[in-house]
J.: 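One structure, as structure tokens, below. Some questions next.
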Amino acid sequence: MRKLLYTVAFVALGFATSYAQRPAKSKISAEERAEKAASTMQQKLNLNDEQKSKIKQIELDRIKEHDALRQKDEATMKTKFEERKAAMKAHQDKIDAVLTPEQKTKLAASREEMRGKMKERFKERKGRPQKAPKAEEGKI
């Protein structure tokens with residue numbers, strides 16, 4: 001039993017060590033991605049040089065279009081975030097207008113406490129992979 005336990009621990013340690021030593025992915029250019037896709041298709045489909053160059057250009061156009069769409073989506077997300085942030089600030093200002101100075105102080109302290117808790121939760125989550133929450137059995 002002890003040998004089995006040591007063997008399992010050794011194998012787990014080996015996997016963990018090899019996973020930690022993976023090199024980081026480097027970003028390759030659009031041209032390199034298009035060339036790689038065209039070369040793969042050339043090998044699989046036995047394309048001639050003219051076909052490969054046309055496929056490479058088609059792939060390059062697709063990649064550039066996709067990258068442009070991704071950047072557009074990021075800009076849209078940033079804009080929406082700023083809009084939500086402004087709406088939240090306006091909401092907080094309206095609430096603060098109703099409160100007394102003492103109540104404002106208590107509310108500010110409560111908000112800071114919540115920010116601290118959120119930062120702690122974020123730190124806890126940062127090191128582990130994201131998983132979808134499991135539904136409890138019998139509940140839908």
Side-chain angles (χ1 to χ4, degrees):
M1 184 68 172
R2 187 176 274 175
K3 286 183 179 182
L4 178 64
L5 185 61
Y6 285 133
T7 303
V8 170
F10 182 73
V11 169
L13 183 64
F15 279 122
T17 304
S18 67
Y19 183 75
Q21 294 178 358
R22 283 186 173 173
K25 288 185 177 181
S26 62
K27 287 195 169 196
I28 58 174
S29 69
E31 288 79 15
E32 291 171 330
R33 288 188 283 168
E35 176 63 35
K36 184 176 179 181
S39 295
T40 302
M41 287 185 77
Q42 183 181 30
Q43 291 173 351
K44 288 183 179 181
L45 303 176
N46 198 20
L47 302 176
N48 61 35
D49 290 337
E50 182 183 345
Q51 289 173 316
K52 180 184 175 187
S53 65
K54 288 179 181 179
I55 295 291
K56 180 180 175 183
Q57 186 59 46
I58 292 169
E59 285 294 319
L60 183 60
D61 293 343
R62 181 192 61 83
I63 290 168
K64 287 182 177 181
E65 181 180 342
H66 184 73
D67 288 347
L69 289 173
R70 184 180 301 131
Q71 289 176 350
K72 181 181 172 185
D73 287 346
E74 287 176 7
T76 303
M77 286 175 38
K78 286 179 184 177
T79 303
K80 286 181 182 179
F81 175 76
E82 293 299 324
E83 289 173 359
R84 284 190 205 119
K85 192 174 180 180
M88 190 182 326
K89 176 75 172 129
H91 175 75
Q92 288 177 353
D93 291 344
K94 287 178 185 177
I95 289 176
D96 288 346
V98 175
L99 302 177
T100 65
E102 182 180 303
Q103 291 170 330
K104 288 179 187 179
T105 305
K106 285 182 182 180
L107 182 60
S110 176
R111 287 177 180 160
E112 281 301 314
E113 182 181 340
M114 288 302 293
R115 282 189 190 107
K117 286 180 182 179
M118 291 296 285
K119 285 181 181 180
E120 287 299 317
R121 281 192 222 140
F122 182 74
K123 286 179 185 177
E124 290 172 6
R125 286 181 35 197
K126 198 170 188 178
R128 63 179 190 222
Q130 298 295 320
K131 294 183 180 177
K134 294 182 180 178
E136 294 181 28
E137 290 184 27
K139 293 184 179 180
I140 296 178

J.: Checking one residue: Leu47. Which other hydrophobic residues are in its cluster under the side-chain 4.5 Å linking rule?
T.: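 Met41, Leu45, Ile55, which link up through side-chain heavy atoms under 4.5 Å apart, make up the rest of the cluster.
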J.: Output the distance between atom CZ (Arg111) and atom CE (Met118), rounded to the nearest 0.5 Å.
T.: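 It is 14.5 Å, given to the nearest 0.5 Å.
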J.: Using the test salt bridge (Lys or Arg N to Asp or Glu O under 4.0 Å), find all partners of Glu112 that sit at least two apart in sequence or belong to another chain.
T.: Arg115
J.: Can you list everything that forms a salt bridge (Lys or Arg N to Asp or Glu O under 4.0 Å) with Arg84? Sequence neighbours excluded, please.
T.: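 Applying salt bridge (Lys or Arg N to Asp or Glu O under 4.0 Å) to Arg84 gives none.
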J.: Hey, are Asp67 and Arg70 close enough for a salt bridge, meaning a charged N less than 4.0 Å from a carboxylate O?
T.: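 Salt bridge: yes.
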J.: With sequence neighbours excluded, tell me which residues meet salt bridge (Lys or Arg N to Asp or Glu O under 4.0 Å) with Asp61.
T.: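 For Asp61 there are no salt bridge (Lys or Arg N to Asp or Glu O under 4.0 Å) partners, ignoring immediate neighbours.
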J.: What is the minimum heavy-atom distance between Ile63 and Ala34, and which atoms define it?
T.: CD1-N, 3.6 Å
J.: Residues in side-chain hydrogen bond (donor to acceptor under 3.5 Å, both in side chains) with Asp93, at least two apart?
T.: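 Expected list: Lys89.
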J.: Taking side chain to side chain contact (heavy atoms under 4.5 Å, CB included) as the test, write out the residues that go with Asn48, two or more places apart.
T.: Glu50, Gln51
J.: Rounded to the nearest 0.5 Å, what separation is found between the CD atom of Gln71 and the CG atom of Leu69?
T.: 10.0 Å
J.: Table please: side-chain donor-acceptor pairs of residues 95-106 below 3.5 Å, with sequence neighbours left out.
T.:
| from | atom 1 | to | atom 2 | distance (Å) |
| --- | --- | --- | --- | --- |
| Thr100 | OG1 | Gln103 | N | 3.2 |
| Thr100 | OG1 | Gln103 | OE1 | 3.2 |
| Gln103 | OE1 | Thr100 | N | 2.9 |
| Lys104 | NZ | Asp96 | O | 3.4 |
| Thr105 | OG1 | Pro101 | O | 2.9 |

J.: Out of curiosity, Glu31 CD to Lys36 NZ, how far, rounded to the nearest 0.5 Å?
T.: 15.5 Å
J.: The criterion is side-chain hydrogen bond (donor to acceptor under 3.5 Å, both in side chains); which residues satisfy it with Thr79, sequence neighbours excluded?
T.: none
J.: Check side chain to side chain contact (heavy atoms under 4.5 Å, CB included) between Lys85 and all other residues, then give those that pass, not counting sequence neighbours.
T.: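 For Lys85 the side chain to side chain contact (heavy atoms under 4.5 Å, CB included) partners, ignoring immediate neighbours, are Phe81, Glu82.
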J.: Tell me, please, which residues at least two apart from Arg62 pass side-chain hydrogen bond (donor to acceptor under 3.5 Å, both in side chains).
T.: Glu59
J.: Glu35: which residues meet the side-chain hydrogen bond (donor to acceptor under 3.5 Å, both in side chains) condition with it, sequence neighbours left out?
T.: Ser39, Lys52, Lys56
J.: Please name all residues satisfying salt bridge (Lys or Arg N to Asp or Glu O under 4.0 Å) with Glu113, sequence neighbours left out, ordered by chain then number.
T.: Lys117
